[in-house]
Engineer: 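First the structure, then my questions, so here it is.
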Amino acid sequence: MTIDRWQALGFGAGVHLLRFGVIAGALALAPLLGISGWYLGLAADVACVLLAVVLVTARGQWCRSGLFSLWRGRTAALFLIPFVAELLLWAVPSGLVERPPGFGLWALTLLLVGVNEELISRVVVLERMRSSFGPFGAVALTGALFGLQHLSAFATSARTVEDVLLNVLVSACYGIGLAAFQYRFRWVLPLVLLHAAVDFTTILSANPLPDPAVAVTCLAFLATAAVILRPLVTDRGSFRRRPAESRTGSS
């Protein structure tokens with residue numbers, strides 16, 4: 001790989017490590033401010049949103065993010081359907097179970113998660129990868145880094161090794177699907193809302209999806225990503241062939 005590509009990978013990994021550092025710092029400092037229990041996580045999410053805002057602002061990416069765009073066209077809206085279907089699978093037909101501290105605070109904290117993770121991964125990291133890799137490479141690496149960031153659960157939770165590693169894999173597949181959408185349409189607003197909603201339904205589902213169903217959704221995310229990116233790859237290939245074709249035609 002070229003130096004620029006190594007630098008892009010280093011940047012992406014560094015941003016995710018910085019986010020983990022912010023989480024660890026918030027969890028350490030929050031008790032000194034009288035914050036405890038469930039609200040520790042909320043404090044960490046607020047800190048991560050502030051980090052995301054600083055990074056996007058520093059890199060001048062608000063306009064390109066699509067966070068404030070209400071519509072990007074019918075094609076973009078249609079490609080959101082697989083993600084909407086997946087979140088509904090967790091809630092229908094069994095519904096959701098209210099867990100402490102209640103639906104309202106869960107919705108708030110998961111919205112904060114959606115905001116910070118989408119801005120950091122699908123805007124800051126993806127835009128850097130876009131400048132150094134082709135569509136598939138940029139999307140795959142962004143998704144992989146997004147999945148790997150969930151290794152932080154080893155330090156912030158008591159989950160089993162198997163559970164954490166499965167979450168890393170599922171998150172990577174989901175991240176690839178979202179990154180493909182953002183790469184083509186630059187419309188992060190619905191991704192923020194979808195991300196928050198799917199976390200909400202996954203955590204509060206009365207009847208969680210079995211592992212085989214989760215595996216099917218992962219394959220669906222990867223297939224969706226391939227379909228979303230295909231026109232971009234085709235266009236790049238056609239553009240590269242044009243000079244040679246023109247020379248052939250003029251000889």
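Keep in mind that what you see is a predicted model, and the values were worked out from it rather than measured. Values below: all heavy atoms of this structure, side chains included; hydrogens, waters and symmetry mates excluded.
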Engineer: Quick check with a 6.0 Å cut-off and a 45 degree axis cone: is Arg122 positioned over the face of Phe146's six-membered ring?
Structural biologist: yes

Engineer: Parallel, tilted or perpendicular: which one describes the rings of Tyr174 and Phe83, with boundaries at 30° and 60°?
Structural biologist: perpendicular

Engineer: Val124 versus Phe11: any side-chain heavy-atom pair under 4.5 Å?
Structural biologist: yes

Engineer: Glu118 pairs by side-chain contact (heavy atoms from CB on, under 4.5 Å) with which of Leu191, Leu67, Val113, Val123?
Structural biologist: Leu191

Engineer: Quick one: are Val15 and Arg128 in side-chain contact, heavy atoms under 4.5 Å?
Structural biologist: no

Engineer: Determine, using the 4.5 Å side-chain heavy-atom cutoff (strictly less than), whether Trp71 and Val192 are members of one ILVMFWY cluster.
Structural biologist: yes

Engineer: Between Ser121 and Leu145, is there a side-chain heavy-atom distance shorter than 4.5 Å?
Structural biologist: no

Engineer: Is the closest side-chain heavy-atom distance between Pro231 and Arg184 below 4.5 Å?
Structural biologist: yes

Engineer: Working to the nearest 0.5 angstrom, can you tell me the gap between Leu89 CG and Thr202 OG1?
Structural biologist: 10.0 Å

Engineer: For the pair Glu127 and Arg64, evaluate salt bridge (Lys or Arg N to Asp or Glu O under 4.0 Å) and give the outcome as yes or no after the intermediate values.
Structural biologist: CA-CA 9 Å; Glu127 286 297 319; Arg64 292 195 299 273; 3.7 Å; yes

Engineer: Is the backbone N or O of Val56 less than 3.5 Å from a side-chain atom of Gln61, with the two atoms forming a donor-acceptor pair by type?
Structural biologist: no

Engineer: Do the side chain of Trp106 and the main chain of Pro100 share a donor and acceptor less than 3.5 angstrom apart?
Structural biologist: yes

Engineer: Is there a side-chain contact between Asp211 and Leu166 in this structure, where contact means two heavy atoms from C-beta onward sitting under 4.5 Å apart?
Structural biologist: yes

Engineer: Rounded to the nearest 0.5 Å, what separation is found between the CG atom of Leu110 and the CG atom of Leu204?
Structural biologist: 7.5 Å

Engineer: Main chain of Val214, side chain of Thr217: is a donor-acceptor contact present, judged purely on distance under 3.5 Å?
Structural biologist: yes

Engineer: Should Leu209 and Val216 be regarded as members of a common hydrophobic cluster, given that ILVMFWY residues are connected when their side-chain heavy atoms come within less than 4.5 Å of each other, either directly or indirectly?
Structural biologist: no

Engineer: Quick check against the 3.5 Å criterion: does Thr109 have a side-chain atom that pairs as donor or acceptor with the backbone of Leu105?
Structural biologist: no

Engineer: Can you check whether Met129 reaches Val139 side chain to side chain, under 4.5 Å on heavy atoms?
Structural biologist: no

Engineer: Evaluate side-chain contact (heavy atoms from CB on, under 4.5 Å) for Phe221 paired with Ile176, printing each intermediate quantity in order.
Structural biologist: CA-CA 7 Å; Phe221 295 144; Ile176 287 171; over 6 Å; no

Engineer: Are any side-chain N or O atoms of Arg186 and backbone N or O atoms of Gly66, one a donor and one an acceptor, separated by less than 3.5 Å?
Structural biologist: no

Engineer: Set out, in order, the CA-CA distance, both residues' side-chain angles and the distance that settles side-chain contact (heavy atoms from CB on, under 4.5 Å) for Phe79 and Val227, then state yes or no.
Structural biologist: CA-CA 9 Å; Phe79 275 121; Val227 174; 3.7 Å; yes

Engineer: Starting from the C-alpha separation in whole Å, work towards a yes-or-no answer on side-chain contact (heavy atoms from CB on, under 4.5 Å) for Thr75 and Phe185.
Structural biologist: CA-CA 9 Å; Thr75 301; Phe185 300 109; 4.0 Å; yes

Engineer: Is any side-chain heavy atom of Tyr183 closer than 4.5 Å to a side-chain heavy atom of Phe136?
Structural biologist: no

Engineer: With no hydrogens and no angle check, is any side-chain donor or acceptor of Asn116 less than 3.5 Å from a backbone partner on Leu112?
Structural biologist: yes

Engineer: Flag the pair Leu55 / Leu119 as yes when at least one side-chain heavy-atom distance between them is below 4.5 Å, and no otherwise.
Structural biologist: no

Engineer: When you group the ILVMFWY residues by side-chain heavy-atom contacts below 4.5 Å and let the links chain together, are Leu78 and Ile228 in the same group?
Structural biologist: no

Engineer: Show, in sequence, the C-alpha distance, side-chain angles and deciding distance for Ile23 and Cys48, and conclude whether the side-chain contact (heavy atoms from CB on, under 4.5 Å) test is met.
Structural biologist: CA-CA 7 Å; Ile23 292 173; Cys48 286; 3.4 Å; yes

Engineer: Can you tell me how far CD of Gln182 sits from CG of Leu189, rounded to the nearest 0.5 angstrom?
Structural biologist: 10.5 Å

Engineer: Under a 4.5 Å side-chain heavy-atom rule over Ile, Leu, Val, Met, Phe, Trp and Tyr, are Val49 and Val54 clustered together?
Structural biologist: no

Engineer: Answer yes or no: is there a donor N or O on one side and an acceptor on the other, between the side chain of Ser69 and the main chain of Trp187, under 3.5 Å?
Structural biologist: no

